[in-house]
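Both counts, for ligands and for their atoms, begin at 1 and track the order of listing.
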Amino acid sequence: MSRPELIKEVVNSIEEYVPGRSIDEIASRYGLDPSGVIKLGSNENVLGPSPMAVEAMLSASSRVNIYPSADASELVEAISAYTGLPVANICASGPGMDGLLDNLMRLLISPGDEVVLPTPTFSYYEIAARANGAKAVHVLPGEELVFDVSAIKDAISENTKVVFLCSPNNPTGKVLDEADVRDILEFTKGIVFVDEAYVEFADRNLSHLVTEYDNIIIGRTFSKAFGLAGLRMGYGLMPAWLKLQYMKIATPFNVSFPAVVAGIAALSDKVHLKKSISSAREGRKYLTDMIPFKVHDSQANFVLVDVAPLLARDVAEYFLRKGIIIRDCRSFKNAGDSLLRVTVGTQQQNEKVVAIFEEAKSFRSQ
Ligand SMILES: *Cc1c(COP(=O)(O)O)cnc(C)c1O
């Protein structure tokens, strides 16, 4: 028997997070061999995890009867070396950066607070904020789906607690100018959360702002460039005063011991990181040049393809039948119905993707 009156009322109106499709789901639906299905729908690292991280994790496996350190301090030290920021500005998080967002919303949001959400963007911000009582204020994108800074400022009010900025943005791949982020940081009385999940693939990062402003938090993850999505770990960069408050309410022990040691190893594996970055950069250039539809300029490990006048739904379905999972962006607010997000694959995978887009082009005349 279902008893909705026992659930917080706001949850009834929250739309579920829509994850990318899984290999097993698609293989069974279309009668395909799972080993032949290519997953380019969730922006994972197509080169796999760092071999050094895998080895570290295996060596940790016999010690999982023991709790890890409550604050993952060994991992925080390694992140400090990687980012060049003091440990006083770093919080490790699990599960993933999503866990950081969840803890932050519990820390910051009281019922009635507003959060500003430029769209289209990563949808978990809205879920985490609204579950804690926030009112979501959406902002339409400007030309070419770039965040419209003056519209973002217009949406900021006395009640704004958090402004969410994603750079490179998911699903557009576009980056923000540092001057615009500074402008917003100085304009709002609230916190600015900058999501840098894809920062390793981009030509810029904003981590230096963390020691300059008292109202910025940067979210990072091991799920993308470091290839550890299955381990579920991320981290936050924030002013020291915020870290002290954050640590009071963060779930204790939220990064598992295998994740801590794998993260440290992944940060030290410069070879794997470099390969992952150059493969994504070369691949996205190839896809941008070769896909016979409009492809938005991207600074991430994915590209956004506009198949108008075709429907994203139809093209995504055609890819699935061919055993390639890509992301239909209809579940992103204000993304319309003709956008597809494609993770940059290996060269061989990218060639297949281009070939299938070529076939899809003929849908027009059907
Ligand atoms: C993948 C992704 C995340 C979540 O990362 P996890 O660490 O796996 O939770 C956060 N933000 C954006 C924009 C992402 O694309």
Side-chain angles (χ1 to χ4, degrees), residues 17-22 39-46 49 53 72 75 79 82 90-105 115 117-129 141 145 147 162-176 181 192-202 205-206 217-237 250-251 254-256 258-260 262-263 266-267 276 280 284 296 298-304 325-327 329 331-333 335 339-344:
Y17 180 78
V18 182
R21 302 293 193 63
S22 77
K39 189 171 183 229
L40 300 176
S42 302
N43 303 335
E44 292 140 331
N45 189 324
V46 291
L75 177 60
I79 296 167
Y82 172 69
I90 302 166
C91 299
S93 74
M97 190 205 302
D98 297 341
L100 175 81
L101 284 163
D102 217 39
N103 282 327
L104 283 173
M105 294 304 100
V115 297
L117 297 161
T119 60
T121 199
F122 187 57
S123 61
Y124 189 65
Y125 311 140
E126 177 167 348
I127 296 174
L145 298 177
F147 286 153
V162 182
V163 180
F164 286 96
L165 301 176
C166 188
S167 179
N169 185 30
N170 177 2
T172 64
K174 317 254 176 189
V175 285
L176 279 155
V181 177
V192 177
F193 181 86
V194 183
D195 184 331
E196 290 193 336
Y198 300 97
V199 74
E200 281 82 6
F201 305 112
N205 81 80
L206 296 171
I217 301 173
I218 293 181
R220 299 268 186 94
T221 181
F222 285 89
S223 298
K224 309 285 160 57
F226 292 103
L228 299 177
L231 277 182
R232 313 299 306 119
M233 65 218 272
Y235 59 97
L237 306 174
T251 332
N254 68 35
V255 188
S256 75
V260 166
L267 288 167
S276 304
R284 84 186 171 213
H296 285 269
S298 169
Q299 290 266 332
N301 67 338
F302 57 82
V303 293
L304 187 69
I325 304 172
I326 61 173
R327 183 68 189 252
C329 293
S331 64
F332 289 84
K333 199 178 288 288
L339 295 176
L340 290 162
R341 194 192 65 198
V342 185
T343 306
V344 176

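The proximity of D98 to ligand 1, defined as any non-hydrogen pair under 4.0 Å, involves the side chain as well as the backbone. Counting heavy atoms closer than 4.0 Å to ligand 1, residue Y198 contributes side-chain atoms (C-beta onward) but none from N, CA, C or O.
Considering backbone and side-chain N/O atoms, Y125 never comes within less than 3.5 Å of an N/O atom of ligand 1. The N/O atoms of M97, backbone and side chain alike, include one that comes under 3.5 Å of an N/O atom in ligand 1.
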- Message: Quick one, R327 with N43, criterion side-chain hydrogen bond (donor to acceptor under 3.5 Å, both in side chains). Give me CA distance, side-chain angles, the key distance, then yes/no.
- Response: CA-CA 10 Å; R327 183 68 189 252; N43 303 335; over 6 Å; no
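Annotation: side chain to side chain contact (heavy atoms under 4.5 Å, CB included) contacts of R21 (sequence neighbours excluded): E25, I26, R29, L320, I325. Checked against side chain to side chain donor-acceptor pair (under 3.5 Å), S167 has no partners two or more places apart in sequence or in another chain.
Near S223, meaning under 4.0 Å from one of its heavy atoms, ligand 1 places the atoms 6 (P), 7 (O), 8 (O). For ligand 1 and C166, the ligand atoms under 4.0 Å from any heavy atom of the residue are 13 (C). Residue-ligand proximity, R232 to ligand 1, at heavy-atom distances under 4.0 Å covers atoms 6 (P), 8 (O), 9 (O). Numbered from 1 in the order shown, with element, the atoms of ligand 1 that lie under 4.0 Å from a heavy atom of A197 read 11 (N), 12 (C), 14 (C).
Between F164 and F122, the distance from one ring center to the other does not fall under 6.0 angstrom. For Y235 and Y82, the ring centers are positioned 6.0 Å apart or more.
Side chains of Y17 and D98: a donor-acceptor N/O pair is absent below 3.5 angstrom, by distance only.
The option with the heavy atom closest to atom 5 (O) of ligand 1, from among T221, D195, N169, is T221.
L145 has its side chain within reach of L304: a pair of non-hydrogen atoms, C-beta onward, lies under 4.5 Å apart.
G96 counts as a contact of ligand 1, since one of its heavy atoms falls under 4.0 Å from the ligand.
Looking at atom 14 (C) of ligand 1, its nearest protein heavy atom turns out to be K224 NZ, 3.1 Å.
Considering V192, I217, V115 as possible partners of V162, the one that fulfils the side chain to side chain contact (heavy atoms under 4.5 Å, CB included) test is V115.
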